[in-house]
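We number each residue from 1, following the sequence as shown.
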Amino acid sequence: MWTDPDDDPRDKEGAGPDGELPTLEDFLTGYRMTLRMKCEGLDAEQLARRSVPPSTMSLLGLVRHLAEVERDWRNWISDGDPLPKLYGRRDADFDGAVAEQAVVDAAYADLEREQAATDAALAAYADLGERVGEERIAVRELLVHRIEEYARHCGHADLLRECVDGRVGQ
């Protein structure tokens, strides 16, 4: 088991949240927490290890990638000029995930900042059916897409972590 079920911070007793928005937010929070848990206890080298060749994915790369996509999602809902890429060219989020503690610290700071900014931007819309941005994407669709992105990458994180130190997901 990844963590003792009695100590798993993702497990809550009682009824789940009431309503669509609280339910979506609860799932997003759970997947965000899962990603962090998959990375806990590893040093910079382990986080940056590309443990499933020939893929360039690493746990650190996933953290950086999710910071980048949080920023991209804000671009989807904005009518203004898009924010620049955090890490530059395509795949730089993975390619630049090197085994340096400063890079690890920056990645976590980037992720936290970008998550908070996207959360704040979406909180401005009370109607989940409202269509926003140039693409006229529904707020609901964006929330579901965020959950899907984190869930998919938590699956990758399971495999990456197992290759690093043998710990498996649950």
Side-chain angles (χ1 to χ4, degrees), residues 1-17 22-76 83-120 122 142-170:
M1 297 292 274
W2 181 261
T3 187
D4 183 332
D6 293 334
D7 296 328
D8 192 335
R10 298 166 299 177
D11 290 336
K12 301 173 192 90
E13 299 212 12
T23 299
L24 293 170
E25 289 172 337
D26 186 59
F27 271 86
L28 181 60
T29 298
Y31 282 120
R32 285 174 170 176
M33 191 180 307
T34 298
L35 179 70
R36 286 188 175 269
M37 290 172 71
K38 299 296 177 185
C39 297
E40 283 178 353
L42 298 178
D43 62 27
E45 185 281 321
Q46 291 170 311
L47 287 168
R49 190 179 303 162
R50 295 173 179 173
S51 54
V52 186
S55 174
T56 61
M57 268 192 208
S58 65
L59 290 165
L60 179 57
L62 289 176
V63 171
R64 289 167 49 101
H65 173 70
L66 287 164
E68 190 75 77
V69 296
E70 287 281 357
R71 177 172 279 211
D72 285 345
W73 287 322
R74 280 201 320 287
N75 285 333
W76 291 2
L83 296 166
K85 293 273 191 199
L86 282 174
Y87 304 112
R89 63 177 171 64
R90 182 179 168 94
D91 292 332
D93 39 1
F94 290 104
D95 294 338
V98 296
E100 297 173 13
Q101 191 59 47
V103 174
V104 171
D105 295 343
Y108 280 110
D110 290 344
L111 181 61
E112 188 173 315
R113 181 189 65 247
E114 297 302 322
Q115 286 173 338
T118 304
D119 290 347
L122 287 172
L142 184 56
L143 286 167
V144 170
H145 186 70
R146 290 170 83 197
I147 293 166
E148 179 272 336
E149 185 85 7
Y150 278 91
R152 184 167 56 98
H153 289 312
C154 282
H156 295 133
D158 279 341
L159 297 173
L160 292 164
R161 180 66 188 247
E162 185 174 3
C163 289
V164 169
D165 68 358
R167 288 185 73 185
V168 296
Q170 65 191 50

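- No donor-acceptor pair closer than 3.5 Å links the side chain of Arg161 to the backbone N or O of Arg167.
- A distance of 11.5 Å separates CG of Leu160 from CG of Asp165, quoted to the nearest 0.5 Å.
- Judged purely by atom type and a 3.5 angstrom limit, Arg50 uses its side chain to pair as donor or acceptor with the backbone of Thr56.
- Under the 30°/60° scheme for interplanar angles, the aromatic rings of His145 and Trp73 are found to stand perpendicular.
- Using a 4.5 Å heavy-atom threshold, the side chains of His156 and Val52 count as separate.
- Note: Arg32 CZ to Ile147 CD1 = 10.0 Å, rounded to the nearest 0.5 Å.
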Applying side-chain contact (heavy atoms from CB on, under 4.5 Å), run through Val63 and Arg36 and close with a yes or a no. CA-CA 8 Å; Val63 171; Arg36 286 188 175 269; over 6 Å; no
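- The two residues Gly88 and Lys85 come nearest to each other via the heavy atoms O-CB, 3.3 Å.
- A side-chain donor-acceptor contact under 3.5 Å links Gln101 and Asp105.
- Taken to the nearest 0.5 Å, the CG atom of Leu143 stands 11.5 Å off from the OG1 atom of Thr23.
- Side-chain atoms of Asn75 come within 3.5 Å of backbone atoms of Leu83 as a donor-acceptor pair (strictly under, hydrogens ignored).
- Panel note: side chain Arg49, backbone Cys163; no donor-acceptor pair is recorded below 3.5 Å.
- Annotation for Phe94 and Ser58: closest pair CD2-N, 4.3 Å, computed over non-hydrogen atoms.
- Glu112 contributes no side-chain N or O that, together with a main-chain N or O of Ala109, makes up a donor-acceptor pair within less than 3.5 Å.
- In plain terms, the two heavy atoms of Leu60 and Ala107 that are nearest each other are CD1-CB, 3.6 Å.
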Taking it one step at a time, do Leu86 and Asp93 satisfy side-chain contact (heavy atoms from CB on, under 4.5 Å)? CA-CA 8 Å; Leu86 282 174; Asp93 39 1; over 6 Å; no
Audit row: Tyr31, Arg146, side-chain contact (heavy atoms from CB on, under 4.5 Å) steps and yes/no: CA-CA 10 Å; Tyr31 282 120; Arg146 290 170 83 197; over 6 Å; no
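- Closest approach of Ala157 and Leu62 over heavy atoms only: N-CD1, 3.9 Å.
- A donor-acceptor pair is defined here as one N or O able to donate and one able to accept, closer than 3.5 Å; no such pair exists between the side chain of Thr118 and the backbone of Arg74.
- A distance of 11.0 Å separates SG of Cys154 from CE of Met33, quoted to the nearest 0.5 Å.
- Annotation: the span from Leu28 atom CG to Glu149 atom CD amounts to 11.5 Å, rounded to 0.5 Å.
- For the pair Arg64 and Glu68, the salt-bridge criterion is not met [side-chain N within less than 4.0 Å of a carboxylate O].
- Although no hydrogens or angles enter the test, the distance criterion places no donor-acceptor pair under 3.5 Å between the side chain of Glu45 and the main chain of Ala99.
- The heavy-atom pair separating Val164 from Ser51 by the smallest distance is CG2-OG, 4.1 Å.
- Closest approach of Leu42 and Lys38 over heavy atoms only: CD1-O, 4.2 Å.
- Using a 3.5 Å distance cut-off with no hydrogens or angles, the side chains of Glu70 and Tyr150 do pair a donor with an acceptor.
- Rounding to the nearest 0.5 Å places CG of Asp158 at 13.0 Å from NE2 of His153.
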